[in-house]
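Scope of the values below: all heavy atoms of this structure, side chains included, with no hydrogens, waters or symmetry mates. In what follows, residues are counted from 1 in the order of the sequence shown. These numbers were taken from a predicted model, which means no experiment stands behind them.
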Amino acid sequence: MDYYLGIDFGTSGARAVAIDSEGQVWATANVAFPAESFDWAILWRDTLFGLIAQIPQELKQQIRSIAINGTSSTVLLCDAAGNPLDQPLFYNNDRGAAVLDWVKSIAPANHTVVSATSSLAKLLWWANQIGSHPSSHIAHAFFLHQADWLSFLLHGKLGISDYHNALKLGYDVEALRYPDWMDNLPGGFHLPQVLVPGTPIAPIMTECADRLGLPQTCLICAGTTDSIAAFLASGVQAPGEAVTSLGSTLVLKLLSETRVDDASHGIYSHRFGNLWLVGGASNTGGAVLQHFFSRAELAALSQQIDPNQESLLHYYPLLKPGERFPVNDPQLLPQLKPRPDRPVEFLHGLLESMARIEAQGYQLLQKRGATPLQCVYTAGGGAKNETWAAIRSRHLGVPVRRSIQTEAAYGTALLAMRGQG
């Protein structure tokens, strides 16, 4: 039997799912990340190999292809041998704010990259460091996304990405090339070659195959981002259907016949075959909930909430200043007051406020021209919270359903199997 392995690198951990040609799950593996790390790239590498090692050997010997997803705009610089030259910059790292005027001077108005957290903003921030120190060791480095580098560790071809990850770098996903305005970027960085997600890149390197117990014929495919992998897992295919990923952050993806891009509101469109995935990512989400409540508390308190009764508490739940979508404001302050004495009321207010933000996001997408919303599927850890789903449905005004498959790793396994983008 043939198997396909999908690997998901999220914000709090990584997961692997092996499926057969019918989409049935045969094996899973999980690794949680520590809260802090002295060397994230090394941790990612060890996690990648550790996840594959957890897959039963008899199954590993029949894996035909592997694909990996990573968090969007999590990037790093490497030398010509693929060794990291600096600590990675994570998806929500906003140090690009220091060079945002520079980004605006290069990119078209309201382009997706005009954001303090975009991949291009991070690249220019690094370029600015070289400008201050001309002999910097990061000059002429290879610029890679998290999924690019992890895939490289398996196939050995440095500098290859996919058009989902490359969107926030500035890659033109409609023309399928880097735009002219990206010519002659400073720093001398090597930008990745961009492929259709799921495209086979190369067989796994012999030494990796032998070490991990994989066949030398196993193909390593171009990857995707974690939120698009969750969308793939949902099985959504019709315009007007959407997926909300309730992970550490709140990510909206609406399948649309029309492309919509508006950086002033944090809206961007990923190519999805002949259609478009229109959406945005808010900094609110599960990380805020887990900051105030344990998983057991979230489960117990949610059961005490009447989802048909609206909370009058209006919060903007953030852990630190800064928001991307539906309000694109790097200085937006968290609003978490007043805080009731009863924890259940506080949680109700948080869930209600996040549902309002989600509804505001979908309303904004449609106002800007996306296909009208018909239903919302839910992925991520928050998909298990039925109280939250009922609150969200009340605000959204459309059915809210839990995806049959909610794991981004499952969607990435489908990508490895089907080569769909």
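A salt bridge links E352 to R394: one of the charged nitrogens lies within less than 4.0 Å of a carboxylate oxygen. Residues D172 and R177 are not paired through a salt bridge, judged by the lack of any N-O separation under 4.0 Å between the basic side chain and the carboxylate. Salt bridge absent: E174 and R271 never bring a charged side-chain N and a carboxylate O closer than 4.0 Å. At a threshold of 4.0 Å, the pair E310-R356 counts as salt-bridged, since one of the basic side-chain nitrogens sits closer than that to a carboxylate oxygen.
The aromatic rings of F142 and H190 sit parallel, their planes meeting at an angle under 30°, below the 60° perpendicular limit. F143 and F189 have tilted rings, their planes meeting at an angle from 30° to 60° on a 0 to 90° scale.
T378 and R392 share a donor-acceptor pair across their side chains, judged by distance under 3.5 Å alone. Residues Y362 and T244 have side chains that bring a donor and an acceptor to within less than 3.5 angstrom of each other. Using modelled atom types, one finds a donor on one side chain and an acceptor on the other under 3.5 Å when comparing S161 with D148. Using modelled atom types, one finds no donor on one side chain facing an acceptor on the other under 3.5 Å when comparing K253 with S245. Remark: the T117 side chain and the S115 side chain contain an N/O donor-acceptor pair separated by less than 3.5 Å. The closest side-chain donor-acceptor pair between E345 and S311, if any, does not fall under 3.5 angstrom. Remark: the N69 side chain and the T412 side chain contain an N/O donor-acceptor pair separated by less than 3.5 Å. Residues T224 and H164 bring a donor and an acceptor atom of their side chains to less than 3.5 Å of each other. Using a 3.5 Å distance cut-off with no hydrogens or angles, the side chains of T71 and T74 do pair a donor with an acceptor.
Between L76 and L89 there is no side-chain heavy-atom pair separated by less than 4.5 Å.
Closest of all the heavy-atom pairs between N385 and W388 is OD1-N, 2.9 Å.
In this structure, K157 is not positioned above the aromatic face of F152 in the sense of NZ or CZ being under 6.0 Å from the six-membered ring centre and within 45° of the axis.
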side-chain hydrogen bond (donor to acceptor under 3.5 Å, both in side chains) between T11 and S248: does it pass, once the steps are laid out?
-> CA-CA 7 Å; T11 55; S248 298; 2.6 Å; yes
Where do E323 and Y316 land on the side-chain hydrogen bond (donor to acceptor under 3.5 Å, both in side chains) test, with the steps shown first?
-> CA-CA 10 Å; E323 176 60 309; Y316 208 107; 2.6 Å; yes
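Applying side-chain contact (heavy atoms from CB on, under 4.5 Å) to R15 and the options V31, N30, I7 leaves one that passes, N30.
A distance of 6.0 Å or more separates the ring centres of Y171 and Y163.
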